[in-house]
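Every chain is numbered from 1 and lettered A, B, ... according to where its sequence line falls, protein lines coming before strand lines.
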Amino acid sequence: MKRKRNKTNGFEKWGGYMEAKKTKLEEQFAEKAAGDSNHVKSQIFKGISIFVNGYTLPSANELKRMMMENGGIYHHYHRPNITTHIIASNLPTAKLKLLKQFKIVKPEWISDSLKEGKLLSYEGYLLFIDKPNQPKIDFPVRAKNASEPTFLSEFYNNSRLHLISTMATTFKHLVNDARKRNQTDYPGRQRLKKWIEQNGVKDMLSHDSELDSGKIFMHIDMDCFFVSAGLVERPELRNLPVAVTHAKGNLSKKREGVDRGAEFGLYVKRWRGDDDENGEEDEEEVQEIRPRSTKRDGIDETDSMAEIACCSYEARKIGIKNGMLVGKALKMCPTLKLIPYNFEQYKRVAHTLYTHIMNDYTLDVEAVSCDELYLDCSHILETTKASPFELATFLRKEIKEKTQCPCSTGIGSNCLLARLATKKAKPDGQFYLEPGSVMDFMKNIDISDIPGVGRTLGHKLSTLGVSTCGELSALSLETLQSEFGNKTGLSLYKHCRGEDDRKLNYEYKPKSVSAEVNYGIRFKNKEESENFVRQLCDEVEKRLDNIEMNGKTVTLKLMIRNAEAPKESAKFLGHGFCDNITKSSSLTKSTSNSLLIFQAVNKILNQLDIEPSDLRGIGIQMNKLENRTVTGAGRIENFISNMKSNTKTNHISLNENTDNDKIVLTKVSEPKSLQSSFTHNCNKPKSVIDFFKPKEDLNSRKHNIKTTNSKSNIPHEPLVNIKMSQVDPSFLDALPTDLRLEIENELKANENQNSLYIENENSSTMEVTMTEESSKLYQHVQIDQMKEFIEEWVVTENEPKLCDNIMVSKYLCNLIRDTKTEDAYEIIRKLYRLINNKDHLAWKQSYFDIVKDVQETMLNLYDAKMKVETTFK
DNA sequence: ATCCTCCCCTAC
DNA sequence: TAAGGTAGGGGAGGAT
């Protein structure tokens, strides 16, 4: 752990040095460009920054001149997050591999664009049109729903909501972790100081007065994030109406069982709160209560139902909004440019934003989401003597340079005011809300801009004749509280006056963990639905393990097709018009164990007795989270779980027993192919476990208390009963006395039991293989890490160990299941090359064993084999 | 009073 | 075709 940290710091220092050097060169470049401003001929390359790699024609120098004269930027070094295009005429394969994720374009792109007098699409000038060495696998093209095994990962890979949600938690954790390190050096503050000296930006506000008036908060929000990030690689679309969506146009087909009109009618009816069908309605009354518009308005039978995740300001001017359906948006603006998602780019930009601020300015950051955060500026302003306005200007300038994306910032004396200021500043602007002008400012703020006021609350307020904060402030606290409840009433009362005493929240502590899918849920029978629920439980387990916490209550959330709803939803594989149910169950002990969660969930599911084909959405949530402890009651169960993955009882099956309500776990002999995997046979140096095990776990393993895979708490009955006779005595001797006695007692109590069992009221068949469970250990391993391991493994070992073999095999099969087939392919090729150089036959056998497993998985999932080498030279 | 469960709402 | 997740806050109403 420690070593890793030092390494990181060292790297950051080096990175900082390079960064400084780059900036210096760029400054010179900018100065030169500015000095020669009479030579600037056009802005053709505005937003484009190139890095020239190797020999080109026109030469690097000429390309540099072309860029400078026409609004572009020339980078002397490749800067992965900033350089938009790499220019090259040819590249050695090794270098190509290194750079292949970037846009590599022929130099003619620049010269031709110049000739044409406009920016041409770079796509026609890509250096590699067909990517060499890519496997051509014919995947069956059919719609996937949740009954198919690869659905969940494929869905997560394509869900924008999943992405923004997971990114938000990621950055909250990032801030948390960053604040734990001892950072004293903030180079950005020095840059800001220097910049103020040089530019002497004249501020209308004096510096001292605000510093006296308490805290200053800044709210930073990227402008239409997905669009801006997407346009980094598509600068030719800047200043056009652009929208990010899955759809490519109005290509929707009419499907059987769909009745859009009927379905939309049901939504409107529910929103209006109609219970009875009087038919006779006072038209004015309806007008008043009816929602302003629903997102399904203006959609015809064959219009695309895809959602617009984000649209540019040019599109917003036309009336297009985020969340609008593509069909409707295209009617409003037929020239609307639809661009696909680029998840990797969003992650890159967001990461740059956060690390830039935290490394260079302050750790007093509250992460709101991937593109939005609050800063407490007190320390920055104090040390730099900058005014809030200067800080905002400089910070926005740097963020734009680093990310190529615009952002807006608002500054105020509390979070609410900072946020409202940002709204006013957008797009690409900043606004400092002076303490003196708060009253005036608030009067005209729309109530829907107040945090917490959404569709429902906004509508309710509008029926009270309130639409601005000014109007809202006329209502008494009592009125608001009796109308909306105590807390909501009070916060409305304060917020409409610009008051907000909320502190920035730096310490992130999750209160719940959940996994939910309300798309693609179409099951034929109970087996399919149960199978999917199991996968969701696995997902929840994984997320709990990630944060090293356990949950004590399980909540199941279901969406069920409403009786009146058409058989098929208007949106392809959507949930349609549904009834929602949530039901929770308290466990006796907190856990992260997928099986135990499944037990609880399945019990509820069976009680509810819902026709699987009517399910449209399933969610599993864990509440009452607890940190894992290695003390008290938790220890013994940690130990037992440890035993579980260390005993030779590798393969256990849960057999159905329909006569009584118990599921009996019986030991079955392990299949040959799984022999000895993940047992202590493996724990020699260089073996997989030591290679990947996080350092902290090595520590706890020393005390034989915990493994990476440990489940600290097991409710009711232990999942696996281990008998005294199965335990290695030296194992017990190594333990502290108190723990040893505890465990010995437990083991003795188990001595007269001859089967492994868990309670389960619902009879069902489950297969639990310990190897399978253990292989989850490696799910988090990065592909690059795996490649590194494989290289080391093959090069340094004389003969392959079976456990390593199985691990690699499992890892590859998991990749394939995650639809990362191309990564798996690459790893197999690498493996082939390495093994080709080995003399020992056992290595070749290893290769064939692994390929056999892989092909089996491929056939199961895709009805296709992977094209890999089958003979050695 | 305070807690729990089952919602609903909101935000990104 | 399309990828409608996830976490947190809070209210209503009942149990303790």
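Side-chain proximity of A:Arg255 to the nucleotides C:dT1, C:dG4, B:dA11 is greatest for C:dT1.
As rounded to whole Å, 18 Å separates atom P of C:dG5 from atom OH of A:Tyr346. Note: CZ (A:Phe226) to P (C:dA3) measures 13 Å, nearest angstrom. Between the CD1 atom of A:Ile547 and the P atom of C:dT6 there is a distance of 13 Å, rounded to whole Å. For the pair A:Phe171 CZ and C:dT6 C1', the interatomic distance rounds to 16 Å; values are reported in whole Å.
A:Lys583 has a side-chain polar atom (N or O) that falls below the 4.0 Å cut-off from OP1 or OP2 of B:dC6.
Residue ring and nucleobase are not stacked for A:His246 and C:dA3 under a centre distance beneath 5.5 angstrom and an angle between planes beneath 30°.
Inspection of the A:Arg543 and A:Thr166 side chains reveals no N or O donor paired with an N or O acceptor under 3.5 Å.
Note on A:Leu163: nothing from the nucleic acid sits closer than 4.0 angstrom, heavy atoms only. Among the heavy atoms of the strands, none lies under 4.0 Å from A:Thr553. Counting any heavy atom pair closer than 4.0 Å across all strands shown, A:Ser369 reaches sugar-phosphate atoms only and no base atom.
Atom NZ of A:Lys426 has more than 12 heavy atoms from other residues, nucleotides or ligands within 6.0 Å. Annotation: A:Lys331, atom NZ; neighbour count of heavy atoms from other residues, nucleotides and ligands within 6.0 Å is above 12.
Residues that satisfy the side-chain hydrogen bond (donor to acceptor under 3.5 Å, both in side chains) test with A:Ser147, not counting sequence neighbours, are A:Asn145. Evaluation of the salt bridge (Lys or Arg N to Asp or Glu O under 4.0 Å) rule for A:Asp823 yields no partner, not counting sequence neighbours. Legend: residues meeting salt bridge (Lys or Arg N to Asp or Glu O under 4.0 Å) with A:Arg316, ordered by chain and number and at least two apart, are absent.
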Distances under 3.5 Å between protein N/O atoms and the N/O atoms of nucleotides 8-11 of chain C, please, pair by pair.
residue: C:dG8; atom: OP1; partner: A:Lys511; partner atom: N; Å: 3.3
residue: C:dG8; atom: OP2; partner: A:Lys511; partner atom: N; Å: 3.0
residue: C:dG8; atom: OP2; partner: A:Ser512; partner atom: N; Å: 3.0
residue: C:dG8; atom: OP2; partner: A:Ser512; partner atom: OG; Å: 3.3
residue: C:dG11; atom: OP1; partner: A:Lys487; partner atom: N; Å: 3.0
residue: C:dG11; atom: OP1; partner: A:Thr488; partner atom: N; Å: 2.9
residue: C:dG11; atom: OP1; partner: A:Thr488; partner atom: OG1; Å: 2.9

Can you tabulate the close N/O pairs, meaning under 3.5 Å, that link protein atoms to atoms of nucleotides 14-16 of chain C?
none

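Each of A:Leu161 and A:Lys248 has a nearest nucleotide on DNA chain C; the 5'-most of these lies closest to A:Lys248.
Rounded to a whole angstrom, the distance from the C1' atom of B:dC9 to that of C:dG4 is 16 Å.
Among residues at least two apart or in separate chains, side-chain hydrogen bond (donor to acceptor under 3.5 Å, both in side chains) pairs with a member in residues 336-351 of chain A are A:Glu233-A:Asn342, A:Glu344-A:Lys347, A:Gln345-A:Arg348.
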